[in-house]
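Since we're looking at a predicted model, the values are computed, not measured. This chain uses plain numbering: 1 for the first residue, then up along the sequence.
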Amino acid sequence: MKNINRFLIVLIALGAGGIFMYLYLNWENKLKTKSDTDITYSQPQTQGQASVAIAGQPVDLRTAASTAVKSVVHVKTQYTQRAQYRNPFLEFFYGQGAGAPTRQVMQSGSGVIISDDGYIVTNNHVIERSDKIVVVLNDQREFPAELVGRDPNTDLALLKIKGKDLPAIEFANSDKVALGEWVLAVGNPYNLTSTVTAGIVSAKGRSISDPRKRKMSLDAFIQTDAVVNPGNSGGALVNTAGQLVGINTAIQSTTGSYVGYSFAIPSNVAAKVANDLKEYGSVQRGYLGVQIAPMTTGLAKQFNSNKVEGVFVAEVTKGGAAEEAGVQAEDIIISINKIKVNSVEQLQEQLAKYSPSDDLTISAKRKGIVKHFDIELRNTIGEGSLQQEIILGAYLKPLNNEMQKVLRINSGVIVTQLGVGKLQQAGVREGFVILNINNTVIKTTADVQKALDDNVLNGKFLVEGIYPNGEKAYYRFLKD
C-alpha cells in the first residue's frame, strides 16, 4: 500500500511539473515573439507612395535615403571680395571699386536636381555674389554651372549644368505634408557630402526671424527637427518615399549651428519659382490687391465669426483684383481654392503658387455668412499679364512715382534682382536706379534695351545712376 501511495505521489509531481514546464515555455515563446515584433521595420509602399508607420514600429527610411541622396548635389562657389578702399581717379575711368585690393572667397552649400537634363534648385544665399559656380554630383562628377535666375524673396535660385539622364528628384505635394510625418534632410553640411538626417514635421506655415535678414515675401516654412547645419542650405527635405517636400534653407540658432529646429521652403513654392526662373528669368507673382492681418478673438467677435479662423482683410486696393471680384474690407478669408488658411503666412504660401492671370476661388466670411469669389490675379502694376524684363542678367522695372519723389528725380529704372551678367560684373548692386546710359535718359526698360542696341561707342557703355540712400554711382562695361 505504501508503494502504491508513493507511486501516486510521484505521478502527480511529474504531471504538475509537466504542466508548469508547458506554461513556462509558452510564456517564453510569447515574450520572444513580442521582442521580434518590436524591432521589425515596416517596408515602404511601391509606386511612389509613402510608407505607413504601424503603431510601435519605426518607419524604414533606407529606400528614401538611397533614392534622395542621388539627386542632391554639392554646390561650390567663388566670388571676389573688394576691400573698402576708394580711388576716385581710377573709379572715374574704370568704374566703382577700381584699384581696390581683392581676395577670392570660397563658399559651399547643397542643391537638388529637378530635371534629368541638368536643372538644379538651390538657395539664393548659397550662390549670391558668385563669380564661379561648380556642382559636384553624388557620383563625384563635377560640372561648371550657369545661373539661370534667382529670387531673393523666396531665397531660391535655379542653376543649369550640361548633363543628361541625371537622377532628378520627384516632387511631392507639400500641401499634404502632415504634422508628425517622418522626413529626411539630405545635404552637405560642413563639406561632409551626402549626409542624411531624420526627423518629423513639427510645424507648417511657420514664420521665422531670418538670421540673414533677407527681405522675404514668403515667410511660411515647413519646420522640422531633422538636423540641418551650414552647408545643408539648398538641400532636399524628403518624405519616406524619397519625394521632395521642401528645400532646406534656415535654422533657428544663436550659434550658427543646429540647436533643435530647421526650416524648409515648401516644394510647391519651389516648383513654381523654378519653373518661372526657367521660363521667364524672374518670378511671376500674382497679387490679390488686399492688406491683411491675423485674426484675433476680438476681431472674430466684432465681425460675427463663431470661431477664430482665417485671415482678416484690413483694406482692399482700389481697382485691384480682389475689389473687382467683390471682396470687401472686413471680410475674413478662410480658404483659397478649397485649401484652408488660418494665418497670414498660410495665405502667402498659397498665393506664392500662382501667377498673374491665374484664376482662383476665395471663400470668405462676411457678417458670419460664407461667400465665394472668383478672382483673376494681377501683377505688381495691376495688370493681368506676366512681367518679363531681364536685361544684362538683371531684372529691371520702372521706378514708381513715390520713389522718384524721395530721390528727387523724374525717371529711372531700378535693378530689383541681379543675376550673372554685365551689370553684376561691373559692380552694380540691387536697388541701383539707372538714370542714363551713354548720356541717354532712361525712363523705361525699353530705353535700356534701345541704348544697348544703339551701340554709339563701339560696345563701350557708361551707366549713371543712384542708390536709394542717395549715393551716386557710375559703372563701365563692354557689351562684347
Heavy atoms only: give me the nearest S411-V441 pair and the separation to one decimal.
OG-CG1, 3.8 Å
What residue among L244, V112, V245 forms side-chain contact (heavy atoms from CB on, under 4.5 Å) with F171?
L244
Side chain proximity check, L147 to L159, heavy atoms < 4.5 angstrom
yes
Roughly how far, to the nearest 0.5 Å, is the OG1 atom of T440 from the CD1 atom of I434?
12.5 Å
Any donor and acceptor pair, going by atom type alone, linking the side chain of Y467 with main-chain N or O of R429 inside 3.5 Å?
yes
Are the side chains of K318 and E323 in touch, meaning some heavy atoms are under 4.5 Å apart?
yes
In terms of ring plane angle, is the pair Y475 and F432 parallel, tilted or perpendicular, where the classes change at 30° and 60°?
perpendicular
How close do A352 and V269 get, heavy atom to heavy atom, and via which atoms?
CB-CG2, 4.1 Å
Is the side chain of S130 donor-acceptor paired with the backbone N or O of Y79 at a distance under 3.5 Å, no angle test?
no
Answer yes or no: are there more than 12 heavy-atom neighbours, outside D139 itself, under 6.0 Å from its atom CG?
yes
Should we say atom NZ of K160 is surrounded by more than 12 heavy atoms from elsewhere, each under 6.0 Å from it?
yes
Any chance you could measure N248, atom CG, to S233, atom OG, to the nearest 0.5 Å?
8.0 Å
Donor-acceptor pair, distance only, cut-off 3.5 Å: does the side chain of N342 make one with the backbone of V308?
no
Can you find a heavy atom in the side chain of H125 that is under 4.5 Å from one in the side chain of T249?
yes
Is there side-chain contact between I375 and V327, with heavy atoms separated by less than 4.5 Å?
yes
Can V463 and F477 be said to form a side chain to side chain contact (heavy atoms under 4.5 Å, CB included), step by step?
CA-CA 8 Å; V463 180; F477 66 88; 3.5 Å; yes
Ion pair D151/R285, N-O distance below 4.0 Å
yes
When rounded to the nearest 0.5 angstrom, what distance separates CG in L137 from NZ in K70?
13.0 Å
Carefully, step by step, assess E376 and D359 under the rule side chain to side chain contact (heavy atoms under 4.5 Å, CB included).
CA-CA 5 Å; E376 180 183 353; D359 296 320; 3.5 Å; yes
Between I114 and A168 the two heavy atoms that sit nearest each other are C-CB, 3.7 Å
Check whether any side-chain heavy atom of L351 lies under 4.5 Å from a side-chain heavy atom of L288, and answer yes or no.
yes
Polar side-chain atom of S110 near backbone of N188 as donor-acceptor pair, under 3.5 Å:
yes
Can you see which heavy atom on A394 is nearest to which on V415, and at what distance?
CB-CG1, 4.0 Å
Output the distance between atom CG (N123) and atom CZ (R150), rounded to the nearest 0.5 Å.
12.5 Å
Under 3.5 Å, is there a donor-acceptor pair linking the side chains of Q350 and D175?
yes
Could you go through the side chain to side chain contact (heavy atoms under 4.5 Å, CB included) check for V201 and L179 one step at a time?
CA-CA 5 Å; V201 174; L179 296 184; 4.1 Å; yes
Side chains of I169 and I113 in contact at under 4.5 Å (non-hydrogen atoms)
no
Would you confirm whether S174, through its side chain, and N268, through its main-chain N or O, come within 3.5 Å as a donor-acceptor pair?
yes
Checking the side chain of K422 only, and the main-chain atoms of L478 only, is there a donor and an acceptor separated by less than 3.5 Å?
yes
Mark yes or no for whether N275, through its side chain, and K272, through its backbone, hold a donor-acceptor pair below 3.5 Å.
no
So how far is it from T361 OG1 to I339 CD1, rounded to the nearest 0.5 Å?
12.0 Å
Identify the two heavy atoms, one from A322 and one from G289, that lie closest to each other, and give their separation to 0.1 Å.
CB-O, 4.2 Å
Heavy-atom count check: over 12 atoms from other residues, nucleotides or ligands less than 6.0 Å from N410 CG?
no
Minimum-distance pair of heavy atoms, taken over all atoms of G242 and A64:
N-CB, 3.6 Å
Do Y354 and N337 have side chains that get closer than 4.5 Å, going by heavy atoms?
yes
Show your working on side chain to side chain contact (heavy atoms under 4.5 Å, CB included) between R378 and Y287 and close with a plain yes or no.
CA-CA 5 Å; R378 299 182 180 181; Y287 291 87; 5.5 Å; no
If you round to the nearest 0.5 Å, how far is CD1 of I336 from CG of L360?
6.5 Å
Hey, is the main chain of Q346 close enough, under 3.5 Å, to the side chain of S343 for a donor-acceptor pair?
yes
Side-chain heavy atoms of I120 within contact of L166, under 4.5 Å
no
Using modelled atom types and a 3.5 Å cut-off, is there a donor and acceptor pairing between side-chain atoms of D276 and backbone atoms of Q284?
yes
Taking the inter-plane angle between the rings of F221 and F263 on a 0 to 90° scale, is it parallel (under 30°), tilted (30 to 60°) or perpendicular (over 60°)?
perpendicular
Between K365 and E309 (salt bridge meaning N to carboxylate O under 4.0 Å), is one present in this structure?
yes
Side-chain donor/acceptor of T77 to backbone N/O of S108, under 3.5 Å
no
